[in-house]
Amino acid sequence: MPGMKDFFIGLVAGIVLMAATGWYWVYGRRNTHVQHAQTSVGTALHQAIDSVEAKLDAFGLRGKDIKDDLARTGKVVREKARAAGVTIGDATSDTRITATIKAKLLADRELSAWKIDVSTTDGLVTLSGTVSTHDQIGRAMLVALEVSGVRRVTSTLQVKK
């Protein structure tokens with residue numbers, strides 16, 4: 001029976017093709033999505049790092065800039081460009097600013113929030129304490145400058161190895 005033989009071969013080939021298609025949809029596409037997600041996360045991470053690097057440059061918060069300021073004046077001061085109509089905040093906004101900065105310092109793996117004191121008066125932030133490098137001073141200042149309501153950041157942070 002030649003017809004039965006062809007039917008059986010066709011049935012086996014169909015089962016194999018169906019199994020291969022099923023495997024692709026279940027496992028093959030998952031790996032493609034994971035690779036795509038990893039690529040997207042990697043790209044976003046690189047963009048975020050590039051953004052921080054650009055901000056450090058824009059505010060002059062690199063280690064060399066910090067060393068120069070400390071040698072010249074003993075402190076580092078950076079001010080945001082103020083928007084028209086900015087008003088002086090009240091004590092609650094100062095408390096919010098201080099708490100937000102401390103939270104961001106805690107979240108930053110490169111900084112030790114326990115060694116950095118933050119005080120805020122009328123949107124003017126002062127950072128004091130100790131850090132390990134001049135770059136960490138710039139990073140701490142950038143964290144503070146990015147908080148809403150901050151008008152100026154003054155750092156008296158000291159570098160202690």
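Every heavy atom of this structure was used, including side-chain atoms; hydrogens, water molecules and symmetry mates were not. In what follows, residues are counted from 1 in the order of the sequence shown. This one's a predicted model, so the numbers in the text were calculated from it and none came from an experiment.
- With sequence neighbours excluded, the residues satisfying side-chain contact (heavy atoms from CB on, under 4.5 Å) with R72 are D68, D69.
- Between E110 and Q136 the shortest heavy-atom distance is O-NE2, 2.7 Å.
- Hydrophobic clustering (ILVMFWY, side-chain heavy atoms < 4.5 Å, transitive): V143 and L124 are in distinct clusters.
- Residues V150 and A144 approach most closely at CG2-O, 3.3 Å, considering heavy atoms.
- The distance from atom CG of D117 to atom CD1 of I101, rounded to the nearest 0.5 Å, is 12.5 Å.
- For the residue pair I97 and S148, the shortest heavy atom distance occurs at CG1-O, 3.7 Å.
- Distance OG1/T130 to CD1/I116: 8.0 Å, rounded to 0.5 Å.
- A 4.5 Å side-chain heavy-atom check between V147 and V125 finds every atom pair outside the cut-off.
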Quiz item: Would R78 and D65 satisfy side chain to side chain contact (heavy atoms under 4.5 Å, CB included), going step by step from the backbone distance to the final call?
Solution: CA-CA 11 Å; R78 296 296 185 270; D65 303 320; 4.1 Å; yes
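- Under the 4.5 Å side-chain criterion, counting only non-hydrogen atoms from C-beta, L70 is in contact with H134.
- With sequence neighbours excluded, no residue forms a side-chain hydrogen bond (donor to acceptor under 3.5 Å, both in side chains) with S155.
- Counting non-hydrogen atoms of other residues, nucleotides and ligands closer than 6.0 Å to NZ of K115 gives a total of 12 or fewer.
- For the pair D108/K104, no side-chain contact is recorded, criterion being any heavy-atom separation below 4.5 Å from C-beta on.
- Follow the hydrophobic side-chain contacts under 4.5 Å out from L105 and you reach V159 in the same cluster.
- With T120 as the partner, the side-chain hydrogen bond (donor to acceptor under 3.5 Å, both in side chains) test is satisfied by one option alone out of T95, D94, T98: T98.
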Exercise. May I have the step-by-step check of side chain to side chain contact (heavy atoms under 4.5 Å, CB included) for R62 and K67, ending in yes or no?
Key: CA-CA 9 Å; R62 295 289 186 183; K67 283 181 190 177; over 6 Å; no
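- Closest approach of T156 to Q158, counting heavy atoms only: O-NE2, 3.2 Å.
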Self-check item: I66 vs L157, side chain to side chain contact (heavy atoms under 4.5 Å, CB included): CA-CA, chis, key distance, verdict
Solution: CA-CA 10 Å; I66 301 296; L157 290 166; over 6 Å; no
Exercise. Go through L127 and T154 one step at a time and tell me if the side chain to side chain contact (heavy atoms under 4.5 Å, CB included) criterion holds.
Key: CA-CA 6 Å; L127 303 176; T154 301; over 6 Å; no
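- D135 places a side-chain N or O within donor-acceptor distance of the main-chain N or O of G63, the cut-off being under 3.5 Å.
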